[in-house]
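Here is the structure we will look at, set down as structure tokens.
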Amino acid sequence: MPATEIDFYETLGVSRDADGATIKSAYRKLAMKYHPDRNAGCKENEDKFKAVSAAYECLKDPQKRAAYDRFGHAAFQQGMGGGGHGPQDFGDIGDIFETIFGSAFGGAAGQAQSRRGADLRYDMEVTLEEAFHGKSTEIEVEISQTCETCHGSGATPGTGTRRCNLCSGYGKVRAKQGFFVVERACPNCHGRGEVIESPCRDCRGEGRVDAPQTLAVDVPPGVDSGTRIRLSGKGEAGPRGAPPGDLYIFVHVKPHSIFQREGTTLATRVPITFTTAALGGTIELPGIDGEAISLSIPVGLQSGKQLRQRGAGMPVLQGRGRGDLVVEIAVETPTRLSKEQRTLLEQFRELETGEECPESLGFFDKLKGAFGA
């Protein structure tokens, strides 16, 4: 190998058995390091940039790499099968642009044929009871569907497509911008490589039309606000027969008049009389499933205390079991007293202060009965 010809592997700083990903990674780092835009006016870095680009142009191609491994630089000299485009024809600048700016530069061209339709979103409101039980419903949406006239081809029935004259069926065109050669999707065929001779009148060559559609949706028990339900293939139809996207149902659970929700746990606030709080007892309250819940009140329960009823909350989404119901107790103090209630309370106060009061074995029963506990 002549002294003026530097080994491509050494140029990129990789071993001769490096895989394609390693070579590409090394190239990108060096290309960014020696890029002329980052080293304006530096002839040495410009030469290095050309060298790493030439090395990568060869080693990224399996056939060129195999020829280089066997014959070295001589493989690309005239008569050695280089096809007139050796490593010096470094044109893969799109890799750098794709790394920096995304697929809008290097990666967008040529993908139009496989481009699927867009995913769509639909917002659905459900009540807490519907979120508990689940529901089957139907929704009306307007979605781009495959054109029935041309069956998604975009061409008038009986006609077809022809190769694009601008890109010669390649789907990409190259344009020089100063030192760089930028490759982008063909503006004539939009990267497809072919054009329609006679566009369908109904879809104007798109292969899809907007039309209302009724879709069945199954809402599973246990959904919460933010739950997504995916309807595969029910999104926007792809252009010219490409696969459709998906439709995502975003669930929103309406606020409830009694219960507040935190995951699978339900919470509510229940008022009780002060006699029930003092003497204990049992109360009933409605459950989210429509069944009555019997809740035991311990003796001497204070206002603000919480009681937990296991398994009385929301069901686990796509799982087993239910969460809990947390009940916060609010002890109510009567604001209007009857004569009997006032007398009994005064007797109770005397008992609390240790003052004399009439003996009565049924005093607390009377107190409880007077206040309806």
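- Under the 4.5 Å side-chain criterion, counting only non-hydrogen atoms from C-beta, F259 is in contact with L325.
- Salt bridge status for E236 with R208: present, with a side-chain N to carboxylate O gap under 4.0 Å.
- The closest donor-acceptor contact from the side chain of S225 to the backbone of H252 lies at 3.5 Å or more, if one exists at all.
- When atom types are taken as modelled, the side chain of T264 and the backbone of P315 share no donor-acceptor pair closer than 3.5 angstrom.
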Using the rule given for side chain to side chain donor-acceptor pair (under 3.5 Å), can you reason through D69 versus Y9, listing the C-alpha separation, both sets of side-chain angles and the distance that settles it, and then say yes or no? CA-CA 10 Å; D69 288 344; Y9 293 100; 2.6 Å; yes

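- Using a 4.0 Å cut-off between a side-chain N of Lys or Arg and a carboxylate O of Asp or Glu, R163 and E194 do not qualify as a salt bridge.
- In terms of modelled atom types and a separation under 3.5 Å, the side chain of Y34 and the main chain of K29 share no donor-acceptor contact.
- When all heavy atoms are compared, the tightest approach of Q213 to L215 is NE2-CD2, 3.5 Å.
- Side-chain atoms of P212 and V141, non-hydrogen and from C-beta on, never get closer than 4.5 Å to each other.
- Cluster annotation: L337 is connected to I272 through the hydrophobic network of ILVMFWY side chains, with a link wherever side-chain heavy atoms come within less than 4.5 Å.
- Side-chain contact between M314 and L128 is present, with heavy atoms from C-beta onward closer than 4.5 Å.
- Grouping the Ile, Leu, Val, Met, Phe, Trp and Tyr side chains by contacts below 4.5 angstrom, directly or via other members, places L166 apart from I196.
- The backbone N or O of S338 lies less than 3.5 Å from a partner atom in the side chain of Q341, making a donor-acceptor pair.
- More than 12 heavy atoms of other shown residues, nucleotides or ligands fall within 6.0 angstrom of atom CD in E142.
- Looking only at side-chain heavy atoms (C-beta outward), T276 and L301 stay at 4.5 Å or farther from each other.
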Stepwise, does the side chain to side chain donor-acceptor pair (under 3.5 Å) test hold for T265 with D324? CA-CA 5 Å; T265 301; D324 300 336; 5.8 Å; no

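- The two atoms that bring P220 and I229 nearest to each other are CD-CD1, 4.0 Å, heavy atoms only.
- A cation-pi arrangement is present between R228 and Y248, with the terminal nitrogen or guanidinium carbon under 6.0 Å from the aromatic centre and inside a 45° cone about the axis.
- Between the side chain of S25 and the main chain of A21, no donor-acceptor pair closer than 3.5 Å is present.
- With a 4.5 Å cut-off on side-chain heavy atoms, L307 and E328 do not count as touching.
- Two residues are said to be in side-chain contact when any heavy atoms from C-beta on lie closer than 4.5 Å; R261 and D224 meet this criterion.
- Annotation: the span from I329 atom CD1 to I283 atom CD1 amounts to 5.0 Å, rounded to 0.5 Å.
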E332 vs F274, side-chain contact (heavy atoms from CB on, under 4.5 Å): CA-CA, chis, key distance, verdict: CA-CA 6 Å; E332 289 187 329; F274 77 98; over 6 Å; no

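- Contact check on R65 versus D61 returns no salt bridge, with no Lys/Arg side-chain nitrogen under 4.0 Å from an Asp/Glu carboxylate oxygen.
- For the salt bridge (Lys or Arg N to Asp or Glu O under 4.0 Å) criterion with K135, the lone passing option out of E130, E125, E129 is E130.
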Do E197 and T159 pass the side chain to side chain donor-acceptor pair (under 3.5 Å) test, and can you show the C-alpha distance, the side-chain angles, and the key distance before you say yes or no? CA-CA 7 Å; E197 294 180 346; T159 66; 5.8 Å; no

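- Using a 4.5 Å heavy-atom cutoff, the side chains of T282 and E284 are not in contact.
- Checking side-chain atoms of T11 against main-chain N and O of V52 turns up no donor-acceptor pair under 3.5 Å.
- Using a 4.5 Å cut-off on side-chain heavy atoms (C-beta onward), P187 and V173 make contact.
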